[in-house]
Amino acid sequence: MLRTHTCGEARASLAGKEVTLAGWVHTRRDHGELTFIDLRDRYGITQVVAHAKENPAAHKALGKARNEWVLRVRGTVRARPEGTKNAKLPTGEIEVAASEIEVLNESKTPPFYVNEETEVEETLRWKYRYVDLRRERSREIMRLRHEVTNFIRNFFVERGFWEIETTMMIRSDPTGARDFIVPSRYYPGKFWALPQSPQQLKQLLMIGGIDKYVQIARIFRDEDPRADRIYEATQLDIEMTFAEPGDVMDVVEACYTAVFERFAKKPLRTKPFPRMTYEEAIRRYGTDRPDTRFAMELVDLTDAVRGTGFGVFKDAIASGGALRAVVVPGRAAASRKDVDTWTAVAKTRGAKGLVSFAFVGAEVRSPVAKFFSADELARLRQTSGATAGDIVLVVADEYRVASRSIGEIRRQLGQELGLVDASAHHMMWIHRFPMFERTPEGTWTFSHNPFAGPLTADDAKLLETDPGKAISSQYDLVVDGNELGGGSIRIFNRAMQERALEVLGISKDEAAVRFGALLDALEYGAPPEGGIATGMDRTVMILAGLSNARETIAFPKTQTGYDPLLDAPAPVDAKLLEELGLRVIAKPEKRP
RNA sequence: GGUCCCGUGGUGCAGCGGCCUAGCAUACGUCCCUGUCAAGGACGAGAUCGCCGGUUCGAAUCCGGUCGGGACCGCCA
């Protein structure tokens, strides 16, 4: 090695020893005849000093050096003179008196500060990510991610899970997200797809008798990225043979409890994780990933105003819908604009509108107050639990639409009004999901994935008779209102799998083409098995208290998938296209 | 596909019809300086305000378009 020690390990105990350090110039303080530099590497910062009279050559070299130059420094560790120690640095007791400076490399002036925590525009950071990674904040996120990943991998390996890498080039399937595809040279016009998850492969591993599998797997989804969603994500993927839902939940809960207790900045307030049914989550919070760090639970006003003459409510109730509401404390004075904003939020979740009732003293203020009797208004107030100064927001619609709309308003207001207890993490399980949900078009879609099995034998029977009532074995892991992941016990019987796909509108013949390998495998002694996948990017993001998953990966892309560092995507050589049997018909986007 | 926000020396911000010959901090360059640690001091260089067009006597500032970035909706089994 070009060094004997790192820049983070020199201590008073090394005083008098000669050391050689290598690193980057973090800052330089030039006093004329006396020059200091802070030399930085991954491990820390060490002050290097040179005096013109004691060591003219080293002093001259330090005077010439600039930020981010790469230096190799030979010198003697010595205690700093009394009164000049720096309590802010772990190495602040000592300094290295340089005897020899070797410039390993110079650096242009960096495009942004390495030694300051200023916000810098992301595109610039990603373009110069190799400079950005030298910044303490970025480095510590990388360290956290490394440690969390390593911890989780060891956790499962120690419990008998085998880490197995699955292929990254699989068969494309129109179910789910848009695939990233890879053209094939031997089969022109045919493509592999990058996996959206190793779901079918891990099931095949279980059928193969692997018993317990774990993989920190890359997954790819070509859908518009968001703050917490990236193109190429990493998931913790596990699968266990002969497992029941509780077995998977127990081992994952043990893992995540340990991870949060070891790596989170805030205490985990929920131990053991509460297990809440999907039905209860929707009823109390209007979402299947509730943020339980604050109350303000939803209320149901359907019965309170049953029989009302007010058209909107009357029609909703008559068609089997519900009145779902939330009491916003102390916001009776909310402006028309506030209500409009809340209405817009409700509409993003499918509501057709929103009705408000503000309670000012004994008075009720509402744009629709005239449609209600005093009795009805009193019942509405009593049922909601609103007190003077509160405003009640109501959505009347099909039960789930109304619940989700109000739930989203609750979520946003919880943050805006500072109701959220941000001093702790709340982790929980949501389970007993319905196997299928109605699409707006009236057909069925699956709530987890098409391979999730029914929870009980009775639910299996419902698959044949009344699929909408069948409860799935699915369980979702939720933290602070974020979905971290989900899993299920899988269907392990061909006929049942075919039936489940049929409910989704996929015929036997079509299923045989799209899921042939899995369906065939189910006929060769497939065992009951199940597992889970959780998002590693989101896990690290939450542990680090970040609002953006791009920060957690080494080389991020922009919202349009552009990679400013590698300038990708990029055109490919015409010869390669020819070999692959491809012709480009779209004009490539021009980039500056 | 849609909605909203942003784009001003290297970086981060201010300026939002004339007072801008574009301000501040920091970085950068030269010089001074023996104990600093965000060192200090002096001097200096550096931007036609993302781009195109329009309104106006006059545009960084107003309007339209466009490009780029971000947040969100759709989408994400």
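Given the structure is predicted, the values throughout are model-derived calculations rather than measurements. Values reported hereafter were calculated over all heavy atoms of this structure, with side chains retained and with hydrogens, waters and symmetry mates removed.
Remark: Lys88(A) is in phosphate contact with rA38(B), judged by side-chain N or O atoms under 4.0 Å from OP1 or OP2. The side chain of Thr35(A) places no N or O atom within less than 4.0 Å of a non-bridging phosphate oxygen (OP1 or OP2) of rU36(B). Considering only side-chain N and O atoms, Gln559(A) lies under 4.0 angstrom from the phosphate OP1 or OP2 of rA71(B). For rC73(B), one of the phosphate oxygens OP1 or OP2 lies less than 4.0 angstrom from a side-chain nitrogen or oxygen of Arg349(A). Under 4.0 angstrom from either OP1 or OP2 of rC75(B) there lies no side-chain N or O belonging to Arg226(A). OP1 or OP2 of rU36(B) has not a single side-chain nitrogen or oxygen of Arg29(A) nearer than 4.0 Å.
Here the rule is side chain to side chain contact (heavy atoms under 4.5 Å, CB included) with Gln196(A), and of Ile219(A), Thr175(A), Asp179(A) only Asp179(A) fits it. The side chain to side chain donor-acceptor pair (under 3.5 Å) test with Asp397(A) singles out one residue from Arg324(A), Lys352(A), Arg404(A), and that residue is Lys352(A).
Per the stacking criterion (ring centres < 5.5 Å, plane angle < 30°), Phe112(A) does not stack onto the base of rU11(B).
In this structure, Thr84(A) reaches the bases: a heavy-atom distance under 4.0 Å links it to at least one base atom across the strands shown.
The base of rC37(B) has none of its N or O atoms less than 3.5 Å from a complementary donor or acceptor on the side chain of Arg28(A).
Residue whose closest nucleotide on RNA chain B sits further toward the 5' end, between Thr109(A) and Trp126(A): Thr109(A).
Atom CG of Leu14(A) sits about 13.0 Å away from atom CD of Glu93(A), to the nearest 0.5 Å.
Relative to the side chain of Arg80(A), the nucleotides rC33(B), rG35(B), rA71(B) differ in distance, and rG35(B) lies closest. Out of rG69(B), rC76(B), rU36(B), the shortest distance to the side chain of Gln47(A) is found at rU36(B). Picking from rA77(B), rA27(B), rC37(B) the nucleotide with the shortest atom distance to the side chain of Asp38(A) gives rC37(B).
Ring-plane geometry between Tyr231(A) and Phe180(A) is classed as perpendicular, the angle between the planes exceeding 60 degrees on a 0 to 90 degree scale with a lower cut at 30.
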